[in-house]
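In this text the structure is predicted, and so the values were computed from the model without any measurement. When a residue number appears, it is its place in the shown sequence, counting from 1. Note that ligands are numbered from 1 as they come in the structure, with each ligand's atoms numbered from 1 the same way.
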Amino acid sequence: MEKRVKEMISMEIKVESGDILKAESDLAVLGSFEDVSLPSVVAGLLEPADFSGWAGQTLLLYPRGAVAPKRLLLVGLGKREKASAETIRRASATAVKEAQKLKVAAVTIGVNGDLRLEPEVTAQAFAEGIELGAYRFARYFTGLAPEQTFEVERATVFTKTGERTRIGLTNGQAIARGVRLARDLVNGPGYAMHPPALGQEALALGKRLGLKVTVLDMAQLTEQGFGGILAVGKGSEHEPRFIVMEYGKASKSTPTICLVGKGLTFDSGGLSLKPADAMETMKSDMGGAAAVFGAMQVVAELKLPLHVVGLVSAAENMPSSNAYRPGDIVKSLSGKTIEVLNTDAEGRIILSDALFYAQRYKPDAIVELSTLTGAIIIALGSHATGLFATEQALADKLSRAGEISGERVWQLPLWDEYHQMIKSELADLKNIAGRPAGSITAGAFLAAFVGDYPFAHLDIAGTAWVDRPAKPYDSHGGTGVGVRLLTEFLKEYN
Ligand code: BES
Ligand code: ZN
Ligand code: ZN
């Protein structure tokens, strides 16, 4: 069972330019706008009141020879002027989910009416929706029914053909593979996906993609003074690790971006133990690390013209007689001391080492992702990732990437007053500052370790895991949030 995450094989996605209703298919999926009338042959198959085309509406029709496809699924796209890449992403995910349900191996997908999107954007969204809608984490099931394991083999998208479409498809498939990798890492149970296993995953990724990967073990962490990671990891039988993954090389014309991820393979809270229900999903506390893995894979596959360094602090936070305690004072890699008041605010402690380490690359930007605070779930729910930044231009780039990728972010302030709140009576910093502004004080804590380098912190505690998915391209468990956002950010970075 403790097998390494396998290299994902993408579905075959083809593009055709003709009329989807004239192409034979066991299932054709037709995206339909609220304000564009259906082709008359389709309109003749239903009662008009049964389908208005609101975003997400579906209606399965059996045309019985009226059109070439055997089955026709109408998927509502809402109003045409509001349609975005996200509309296409959701509709195509709905399409493959229906194909899985009906056990159709080859599905055709098209849109009724003109899409006001660039062909590259459209094709990328189709590919992302199709690949992510098909995602399942089935590794631990035994005796599944055939409809639960059925794999759709091929999707044919009816849209404009051409070079831009081809590029969009390739990008979308690579991005989706990155997201699927991140989901697999998060969904892997804590006993299997422990810090050394995460280190092995990094080495495997490096080998597959030609990245330079270094994994620091306990002895190296001790020798080099990674006090934060060591303190948090002390209570677990699984040793902590620090992972460095490097793509490309630094040069005058090539920007260096550091991506930093929180890799708590399981967060019990430590001695400040979490209540049982809060612990249920805490194998997902390495969602930031998973996003960094996924993004590194995409960056390498798409050969982006950048120098990207992925840094992951990996540890398991457990209570034991050897665990770090409330009241302990930890000396981080930076030399700064941290008073630990609550062992459950461990993410910021392991990240302090990684963020300080990032400075050695003299990066143009440090972008860090972590499932850091429950407070961000109170603020934003699951509809946006919290964004905190020391440089507005960097925040703006990430906000824009969020809109385009569909992984929205929302900025909160990092004013001086918040930095004051995390000063300790006994050490340089304390790791908690009470409930008020809990997500912001956590962000302020992190910012103390990046020096003057432009820094953004993304709190993904509300977006990395979903119990009951609201979007058709999500499924229960890890969402892989961050991969699409980071890829868009890096693609447009200049
Ligand atoms: N990993 C948690 C944050 C979290 C909560 C992620 C819910 C996903 C869902 C983090 O390590 C933590 O426990 N934070 C504490 C901080 C507090 C002790 C200041 C929290 O948010 O309660
Ligand atoms: Zn915690
Ligand atoms: Zn945590």
Hey, does I377 sit under 4.0 Å from ligand 1 if you only count heavy atoms? yes

Would you call K262 a ligand 1 contact, heavy-atom distance under 4.0 Å? yes

Between [X] and [Y], does any side-chain N to carboxylate O distance fall below 4.0 Å?
| X | Y | value |
| --- | --- | --- |
| R89 | E86 | yes |
| K397 | E492 | no |
| E301 | K303 | no |

Just need the protein heavy atom nearest to [atom], so name the residue and atom and give the distance.
| atom | value |
| --- | --- |
| atom 22 (O) of ligand 1 | G374 N, 4.5 Å |
| atom 16 (C) of ligand 1 | R348 NH2, 3.9 Å |
| atom 19 (C) of ligand 1 | I432 CG2, 3.3 Å |
| atom 10 (C) of ligand 1 | L372 O, 3.3 Å |
| atom 2 (C) of ligand 1 | D267 OD2, 3.6 Å |

Mark yes or no: [X] above the aromatic ring of [Y], with NZ or CZ under 6.0 Å from the six-membered ring centre and no more than 45 degrees from the axis.
| X | Y | answer |
| --- | --- | --- |
| R183 | Y135 | yes |
| K336 | F449 | yes |
| R139 | F141 | no |

Check the surroundings of atom CG in N322: do more than 12 heavy atoms from other residues, nucleotides or ligands lie under 6.0 Å from it? yes

Enclosure of K97 NZ (heavy-atom neighbours >12, cutoff 6.0 Å): yes

Using a 4.0 Å heavy-atom cut-off, say whether L264 meets ligand 1 through its side chain, its backbone, both or neither. neither

Under 4.0 Å, heavy atoms only, figure out whether ligand 1 is touched by the backbone of N342, its side chain, both or neither. side chain

Metal proximity, K262 vs the Zn ion (ligand 3), N/O/S cut-off 2.8 Å: yes

What N/O/S atom of D285 is the closest to the Zn ion (ligand 3)? OD2

Considering just N/O/S atoms, say which atom of E346 is closest to the Zn ion (ligand 3). OE2

Contact between V292 and L369 at the side-chain level, heavy atoms closer than 4.5 Å - yes or no? yes

D267 N/O/S atom closer than 2.8 Å to the Zn ion (ligand 2): yes

Compare [options] and give the one whose heavy atom is closest to [atom].
| atom | options | answer |
| --- | --- | --- |
| atom 6 (C) of ligand 1 | A464, A461, S439, G288 | A461 |
| atom 8 (C) of ligand 1 | M282, E346, E280 | M282 |
| atom 15 (C) of ligand 1 | T371, D344, I376 | D344 |

Please check whether G347 reaches ligand 1 - meaning an N/O of the residue sits under 3.5 Å from an N/O of the ligand, judged on distance alone. no

Aromatic ring centroids of F226 and F242 under 6.0 Å? yes

Residues E98, T58; criterion side-chain contact (heavy atoms from CB on, under 4.5 Å); working and verdict: CA-CA 10 Å; E98 188 70 19; T58 56; 6.0 Å; no

Report, in ascending order of atom number, the atoms of ligand 1 lying under 4.0 Å from any heavy atom of K274. 2 (C), 12 (C), 13 (O)

